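We name chains A, B, ... by the order of the sequence lines, and we start the count at 1 in each one. These figures come from a predicted structure and were not determined experimentally.
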There are 2 protein chains.
Amino acid sequence: MAVRPAGRRRTAILGAAARLFAEHGYRGVSIDDLGRAVGTTGPALYRHFPGKQALLGEVLVDVSDRLAGRGRELVARAAGAEEALDALLRGHIAFALDEPALITVHDRELGNLTAADRRRVRRLQRGYVEQWVGVLAELRPGAPPAVLRAAVHAAFGLLNSTPHSRGELSRPQMAQLLLDMGRAALTVPAAPPS
Amino acid sequence: MAVRPAGRRRTAILGAAARLFAEHGYRGVSIDDLGRAVGTTGPALYRHFPGKQALLGEVLVDVSDRLAGRGRELVARAAGAEEALDALLRGHIAFALDEPALITVHDRELGNLTAADRRRVRRLQRGYVEQWVGVLAELRPGAPPAVLRAAVHAAFGLLNSTPHSRGELSRPQMAQLLLDMGRAALTVPAAPPS
DNA sequence: GAGGGGTGTTAATGCTCACTAACATCTGCG
DNA sequence: CGCAGATGTTAGTGAGCATTAACACCCCTC
């Protein structure tokens, strides 16, 4: 095949894995499927990865790492809490729209990881959530942290729903809609009595 | 076993299937797992259902049917659009909190259905979404239907995130939080220029 | 031009799993 | 009683699949 740049095949495999895992689920994708998707046979994968589970692990650790890193960066760069929340929302929305497969795998396949990988991913996710919670705590000083954490998780559910409901909207329309909805949901005033 | 009421075992199997499919995914649950969960061996299931896929089909059609039916009923009973939206939100939230397994399976396992079952479930889901869209159209007369549909799907993502992020909140706290966030997200005014 | 690392192929191997067969048990009914 | 239907059980059976073995090729370097 004579592909020069080291790791081209590797990254192709990771991309195919993310796409196929998102579409059919980890257990619904075979090694042969993965090989076929990158133009080889199944067992060729073992030249690049120790096994199927390691593949999933790499995908999940990578996306968690990117999200957490980006989150930290955006918050650090922002002038105030309001601006930081906006940046987090825009960043997450862009990610969800650009990489729907990664977002899907990220919140469905945690259970198929090695215990060690699961720990790593969980730690990264927790860090990312805490970025959001920290920003929200400034905007809603009265709210208890447990409420803010739950609110952030719910907002992720909203933002991550994109891959399952693309619909007829253009990308900018969808981005704007999610931004408005996410901001409204997260900055809703403290619960009035029902 | 001498269980009197016809269908006790049947409903027990369906309950176990929903729970196990939610936890491990359709493909991560074996017939033996299902049998064990209801106190029999695996093959005993075939006395009650033609196969594993039929089991999933029954679970998904049933939950879709209940949601759609409940939605129609709530909207019909409500006095106005505002009240109808509130009823839909409360109904959906109660369902998500009472039956997290059903909600989880409902939006993850569509791909493992028979083509016929998938059609039925899709039709029911569409009907449910249209209830929401109809109500929203009254509250936001200017908005195009495609936007409202996308907004409803996004709101479902928010409400259905419950099972994955129960956290430390009590049930009433979580219900109130989701109600506030959902209402805020759905009634946000038309997008201002960013 | 010989050797070696990197990458690929086809053919096992051994396990899991959905589903079926053959046989048991119980319960109610004539 | 005696039988029938409903419901279980244990042993196949055959397919799919992750992983490994054994072997081939290419390219780079000495």
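Once rounded to the nearest 0.5 Å, the distance linking CG of A/N160 with CG of A/L102 reads 11.5 Å. With rounding to the nearest 0.5 Å, the separation of CD1 in B/I103 from CG in B/D107 is 7.0 Å.
One atom, CG of B/N112, and another, P of C/dA18, lie 12 Å apart when rounded to the nearest Å. Atom-to-atom, OH of B/Y46 to P of D/dT10 comes out at 16 Å; the value is rounded to the nearest Å. The separation between A/R36 atom CZ and D/dA18 atom P is 11 Å, rounded to whole Å. The CZ atom of A/F49 sits 16 Å away from the P atom of C/dG6 (whole-angstrom rounding). In this entry the distance linking CG of A/D32 with P of C/dG8 reads 15 Å, nearest Å. Per the geometry, CZ belonging to A/R10 stands 14 Å off P belonging to C/dG6, to the nearest Å. To the nearest angstrom, C1' of D/dG8 lies 9 Å from CZ of B/R9.
When ring centroids are compared, B/Y128 and B/H92 come within the 6.0 Å threshold.
OP1 or OP2 of C/dG8 has at least one side-chain nitrogen or oxygen of A/H48 nearer than 4.0 Å.
In this structure, B/R123 places its CZ atom where only 12 or fewer heavy-atom neighbours from other residues, nucleotides or ligands lie under 6.0 Å away. Within 6.0 Å of atom CZ in B/R120, 12 or fewer heavy atoms from other residues, nucleotides or ligands are found, so the atom counts as exposed in its surroundings.
Side chain of A/D33 to main chain of A/S30: a donor-acceptor pair is present (N/O by atom type, distance under 3.5 Å, no hydrogens or angles).
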Could you write nucleotides 9-17 of chain C as a row of B, S and -, 5' to 3', where a protein heavy atom under 4.0 Å of any base atom gives B, of only sugar-phosphate atoms gives S, and otherwise -?
-> BBB------
